[in-house]
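Notes follow the structure.
Proteins come first, then strands; the chains are lettered A, B, ... in the order of their sequence lines, and each starts at number 1.
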Amino acid sequence: MRDPKAPLIPERDHNKSPVLECVGLGIDFGGLTAVDDFNITISPTEICGLIGPNGAGKTTIFNLLTKVYNPTRGSIFLEGNNTKRYNTKDVNKAGIARTFQNIRLFKNLTVLENVLIGLHNEMDYRLVQSIFRLPSYWRSERIARDRAHELLSIFNMQDIADHKAGSLPYGSQRRLEIIRALATNPAILLLDEPAAGMNPAETESLMEHIGEIRDTFQIAIFLIEHDMQLVMGVCEGVAVLNYGKLIAKGTPAEIQKDPRVIEAYLGTGGQADA
Amino acid sequence: MNEFKISMPARYIINSILLAAFIVAGLLITQSGLLGRAQNANIISVGIFIILAVSLNLPTGYLGQLPLGHAGFMAIGAYAGAIFWRADLLPQNASIVAGLLVAGLAAAFVGVLIGIPALRLKGDYLAIITLGFGEIIRVIINNFDSITGGARGLHGIPRYSSFVIVYLCVIICCVAIHMLMKSRHGRAILSIRENEIAAESCGINTTYYKVMAFAFSAFFAGVAGALFAGNIGILVPGEFDFMTSINILMIVVLGGMGSMAGAVFAASILTSLPLFMVALNEYRMIIYALMLIIVMLFKPSGLLGTYDFSLSRLLEKLIRRLAGKKGGADNA
């Protein structure tokens with residue numbers, strides 16, 4: 001359990017770079033190669049974008065990183081450790097938290113409960129201690145609730161803590177998912193289309209928050225996004241995926257000029273598959 | 001706004017006093033001879049079925065799975081408790097408590113054994129595997145004549161299931177499951193019902209919590225089984241067939257999956273129904289079925305839905321309203 005007096009910003013050893021490294025990652029579904037030879041290195045506190053046309057395999061990469069799928073080839077290193085033997089929950093405990101493209105909140109539970117479930121592994125009391133309501137239960141629950149309110153205040157959601165998560169408007173549901181992911185105290189946060197369904201004003205404010213989250217929590221952020229304004233505005237590095245292959249990597253400015261990227265998005269002259 | 005809240009210790013004290021008062025009142029009524037034999041026997045069965053329904057509510061309502069072998073766990077507990085009590089190893093009071101624990105632990109142990117492979121499956125697959133398990137238990141008991149008495153039944157079980165014993169078990173079962181559900185473990189169980197992939201990516205060990213919920217449920221089913229044995233004094237394997245599992249599930253569905261108050265309420269009504277309908281005895285099953293159909297048509301989530309009764313919340317509301325009226329403030 002976290003020391004109650006500990007600062008919101010966790011101490012991280014930044015010499016332990018990189019935070020995430022994929023080497024030759026690939027997966028086949030039957031005869032279809034969804035992702036092939038994917039390599040990326042993300043350093044701590046880097047905000048990295050992953051873009052590409054629909055069906056390029058972006059979400060598949062997130063599912064590989066979080067072991068929803070097991071890779072057919074290649075390795076994933078998290079802070080230097082190979083995650084080969086990890087399953088989804090081990091990956092989370094080791095420091096990868098994620099949100100989902102089609103929101104997966106615990107809809108019938110309250111906003112606060114959603115965050116408390118994210119804080120599950122941050123609490124340390126055991127079954128017997130909770131059934132007999134021993135002091136460790138009360139102490140641990142109180143700290144977790146304070147922390148949950150603190151996390152909710154990032155998006156100014158502490159006043160709706162008692163609302164059912166499923167009753168929130170779409171944008172708030174996306175923000176709550178980010179908070180729940182942050183609650184698991186990750187070293188890297190994976191955001192799957194965080195701005196999907198948001199209006200320009202909401203996207204603008206989300207951009208600011210992404211930067212803020214990185215600064216306060218000192219974590220790396222890896223995000224999939226179709227909103228180029230957001231990607232170009234907030235990301236320090238961008239990777240471009242097409243047909244499951246990495247076709248370009250670099251700074252936003254480099255990516256914008258890259259002929260292969262332009263081809264992937266706009267097609268070559270004569271073709272019209274924009 | 002006056003946000004009146006009753007503090008946690010005060011809540012516990014109020015609830016403990018009420019529960020103690022309930023036990024004393026029940027004891028006085030059952031001992032006074034006001035009620036006939038049939039009524040007294042019914043009160044005991046109501047208690048046993050409350051435990052069964054509340055414990056089945058854990059894997060169905062809270063975990064979101066559909067096990068159909070609850071009678072199997074009940075049978076294990078019943079025979080384990082009965083055999084322990086018949087052996088007469090300890091002085092009476094210690095024997096009662098130890099017998100109930102043996103019954104619960106035996107059922108929980110089997111629950112873990114069955115749960116680890118079975119809970120890899122979901123929905124109808126899990127329903128069928130647990131249904132098969134329930135039948136296997138019954139057949140095994142039927143054929144182990146030397147220990148269980150087989151089809152002839154197990155006779156001469158001490159009649160330990162008094163009002164106080166049964167309802168103390170009811171209270172312990174409800175309180176334990178309530179405490180479990182209002183903790184990080186309970187929230188983990190709920191998160192599996194809500195979205196298993198999201199639960200796993202929040203770092204929750206879903207297999208562990210599924211098996212935990214299953215074992216917890218089996219433990220109390222086992223206790224209820226022992227109480228059942230101690231109530232009638234004779235056990236025959238036919239009591240624990242598939243229909244018993246279905247009946248318990250029916251209570252849970254009728255009361256509202258995920259509502260403990262609903263399970264208690266529905267168990268009380270459905271178990272007492274035959275008593276109130278002595279005159280209509282041959283129409284009993286028809287009325288029973290009609291009742292279910294009507295509830296499912298008009299309130300598919302069950303009588304109480306997922307609502308859970310909280311006395312303190314009710315009191316808080318009442319006090320807030322009274323205070324609001326006195327101050328002449330808007331009573332919102």
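A side-chain donor-acceptor contact under 3.5 Å links A/R133 and B/Y12.
Side-chain contact between B/I204 and A/I117 is present, with heavy atoms from C-beta onward closer than 4.5 Å. Considering only heavy atoms from C-beta on, B/M212 comes within 4.5 Å of A/L127 through its side chain. Side-chain contact check for B/S201 versus A/T66: every heavy-atom pair is 4.5 Å or farther apart.
Only one option out of B/M181, B/H185, B/K182 pairs with A/S130 in a side chain to side chain contact (heavy atoms under 4.5 Å, CB included); it is B/H185. Checking A/H120, A/R104, A/R180 one by one against B/C202, the side chain to side chain contact (heavy atoms under 4.5 Å, CB included) holds for a single residue, A/R180.
In terms of non-hydrogen atom pairs under 4.5 Å with chain B, the most contact-rich of A/E113, A/Q129, A/R126 is A/R126. Residue with the most contacts toward chain A among B/L190, B/I197, B/V175: B/I197 (heavy-atom pairs, distance under 4.5 Å). The choice from B/A176, B/S183, B/A188, B/G186 that makes the most heavy-atom pairs within less than 4.5 Å of chain A is B/S183.
Residue A/I131 holds its CD1 atom at 9.0 Å from CD1 of B/I177, rounded to the nearest 0.5 Å. Rounding to the nearest 0.5 Å places CG of B/N195 at 10.0 Å from CG of A/N114.
Although no hydrogens or angles enter the test, the distance criterion places a donor-acceptor pair under 3.5 Å between the side chain of B/E194 and the main chain of A/N108. Between the side chain of B/R184 and the main chain of A/M123, a donor-acceptor pair closer than 3.5 Å is present.
Looking at A/Y125, both its backbone and its side chain come within 4.5 Å of chain B, counting heavy atoms on both sides. Only the side chain of B/F216 comes within contact range of chain A, with at least one heavy atom under 4.5 Å from a heavy atom of that chain. The part of A/T184 that comes within reach of chain B is its side chain, from C-beta onward, which places non-hydrogen atoms under 4.5 angstrom from that chain.
When all heavy atoms are compared, the tightest approach of A/F106 to B/A198 is CE2-CB, 3.8 Å.
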Return all side-chain donor-acceptor pairs below 3.5 angstrom for residues 151-172 of chain A, not counting sequence neighbours, or 'none' if the list is empty.
unit_1	atom_1	unit_2	atom_2	d
A/S153	OG	A/E150	O	2.5
A/S167	OG	A/K164	O	2.7
A/Y170	OH	A/R174	NH2	3.2

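Applying the ring pair (Phe, Tyr, Trp, His ring centres under 6.0 Å) rule to A/Y86 yields no partners; only residues at least two apart in sequence or on another chain are considered.
Within a 6.0 Å radius of NZ in B/K299, more than 12 heavy atoms belonging to other residues, nucleotides or ligands are found.
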